[in-house]
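To keep things clear, I will list the structure first and then write my remarks on it.
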There are 2 protein chains.
Amino acid sequence: MPNSTRNRASTGNSAKNSEKKTTVTPSPERRRELLSTAAEVFAAQGYNATTVRRIADEAGMLAGSLYYHFDSKESMVDEILSTFLNELWAGYDEVLGAGLGPRDTVEALVTESFREIDRHRAAVAIYQKESKHLSTQPRFRYLTESQGRFERAWLGALERGVAEGVFRADLDIRLAYRFLRDTVWVAASWYRPGGRHSPEEIARQYLSMVLDGITPREEQTRRDRTQRET
Amino acid sequence: MPNSTRNRASTGNSAKNSEKKTTVTPSPERRRELLSTAAEVFAAQGYNATTVRRIADEAGMLAGSLYYHFDSKESMVDEILSTFLNELWAGYDEVLGAGLGPRDTVEALVTESFREIDRHRAAVAIYQKESKHLSTQPRFRYLTESQGRFERAWLGALERGVAEGVFRADLDIRLAYRFLRDTVWVAASWYRPGGRHSPEEIARQYLSMVLDGITPREEQTRRDRTQRET
DNA sequence: TAACCTACCAAACACTTGTTAGGGAACCCG
DNA sequence: CGGGTTCCCTAACAAGTGTTTGGTAGGTTA
């Protein structure tokens, strides 16, 4: 594995820089197609349990043919996860740069997260299951970095919220952060695009539970009681 | 894999029943020790990514020696998960049979869950990551069944709660169920026994967020405002 | 037509995987 | 002492793994 002889330079190109680019140039559209099916299989079976033969099978070709488009199985997850995280942070940065208040920030982040789950369900599922032990490899260091940005963004919003009195003062901030983070992302394990609820609808419900709890508030109690008496 | 010849019957026992019991009898304590380290590795690396050589290494022995105690890698996860689920349901059944009201039931289930996480952190982590694709195999059908009991228990408590007015009437019950279930069990991914918070303490915080939300309620707002003005 | 490029196949290679077979050291029991 | 049991090691096997190599059908270009 470490000393895999770099080949495919048989046409005798410039021998100076050992660029990763192969001499052939697969079409980016086909790459995306294959990555999409690969992501689906990874998400369903788990990364390690998925054989490249299975991916090829799902794509209607043989195992070796995948290596015309990608240079390793690892590169596939890498590309799946990194493109997902790039799009995710594009959305997040927009929210974080909008100068919203803490509560609006939290709401916007949650909503944006569910939109990303809607768009990248498979990638999110992979991220959840595999990021922990993938991030130990230097190649996937960006996973750890992303997690750090994630934490700072959420913790910041929560802290400001507590300071401004829009969030409860008796919250354990770090616990609340993990609570929010987890509740949002685990949805990828059961969410199916095109189902009964739109991402925005699910976000609304989640926010309602997280912000106000599942027990009735004063006003709601009064209103419900009135309704029940009629 | 399908036609692995059943051996180890060379001593010529009664040839009638093909019992799984081997002729040798490893000590149950040693089994538990090995299962504990195996669970730790499974939880950290994932089941498929974990080699039996790695487990043996962690246990200070060689790969083949594990097969004196267990007859397959699959048997190890099986035993880890089933003993965990047995203990879990012992606790759950006690709660469910206590005749509590819906809210007390939910509180007791959550608290019990965190106690189980405290005791079986590794097993819970494995259950989360692997149960989905393990449950497709007939050997692990009990995982699916357990999930069904799980769902009925939670949904029942939630429905009764809504009917009695102790939970909000506008809840999407199934969404709330998944919300509760996930928020509780994902804690196993970051929880470390012996940390700052006891299981009961974490359960209290979680319940506080789930039941009352993270925004201040009327009374709290008033009290906090008073405190801040002093 | 000839040269070339894209996208795949067929077949293998090197390695890792779970698992097995036989043996042997330490210990208990008679 | 001698037989038996417990627990592990050494050494291998067969299947499966990711990956590479060379080839080739079909389309495009000149």
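Below, chains carry the letters A, B, ... as their sequence lines are ordered, and counting in each starts from 1.
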Report the residue (A:Ala49 or A:Gly64) whose heavy-atom-nearest nucleotide on DNA chain D is the more 5′ of the two. A:Ala49
Rounded interatomic separation in angstrom, taking CZ from A:Arg30 and C1' from C:dT6: 12 Å
Row check, A:Tyr47 ring normal vs A:Lys73 NZ/CZ: under 6.0 Å, within 45°: yes
Phosphate-side-chain proximity, B:Ser27 and D:dC7, N/O vs OP1/OP2 below 4.0 Å: yes
Counting only side-chain N and O atoms of A:His69, is one of them less than 4.0 Å from OP1 or OP2 of C:dT6? no
For the pair made of CG in B:Asn48 and P in D:dG18, what is the distance, rounded to whole Å? 11 Å
Judged by nearest nucleotide, the residue sitting upstream toward the 5' end of DNA chain D, B:Gly60 or A:Tyr47, is B:Gly60
Reckon A:Arg53 touches a base, only the sugar-phosphate, or nothing at all at heavy-atom distances under 4.0 Å? base
Output yes when at least one side-chain N/O atom of A:Tyr67 is less than 4.0 Å from OP1 or OP2 of D:dT20, else no. no
When rounded to whole Å, the CG to P distance for the pair B:Leu62 and C:dG23 reads 18 Å
When A:Ser82 is tested against each of A:Asp78, A:Ile80, A:Leu85 for side chain to side chain contact (heavy atoms under 4.5 Å, CB included), which residue passes? A:Asp78
Step-by-step side chain to side chain contact (heavy atoms under 4.5 Å, CB included) determination, A:Arg139 to A:Ser75: CA-CA 10 Å; A:Arg139 171 173 199 167; A:Ser75 300; 3.0 Å; yes
Side-chain N or O of A:Ser65 versus OP1/OP2 of C:dC9: is the shortest distance under 4.0 Å? yes
Nearest whole angstrom, please: distance from the C1' of D:dG18 to the CZ of A:Arg54. 17 Å
Whole Å only: how far is the CG atom of A:Leu66 from the P atom of D:dT20? 12 Å
In whole angstroms, how far is the P atom of C:dG24 from the CE atom of B:Met61? 20 Å
When you check the phosphate oxygens OP1 and OP2 of C:dC8, does a side-chain N or O of A:Tyr68 lie under 4.0 Å from one of them? no
May I ask you to say what B:Thr50 touches in the nucleic acid, namely base, sugar-phosphate or nothing, with a heavy-atom cut-off under 4.0 Å? sugar-phosphate
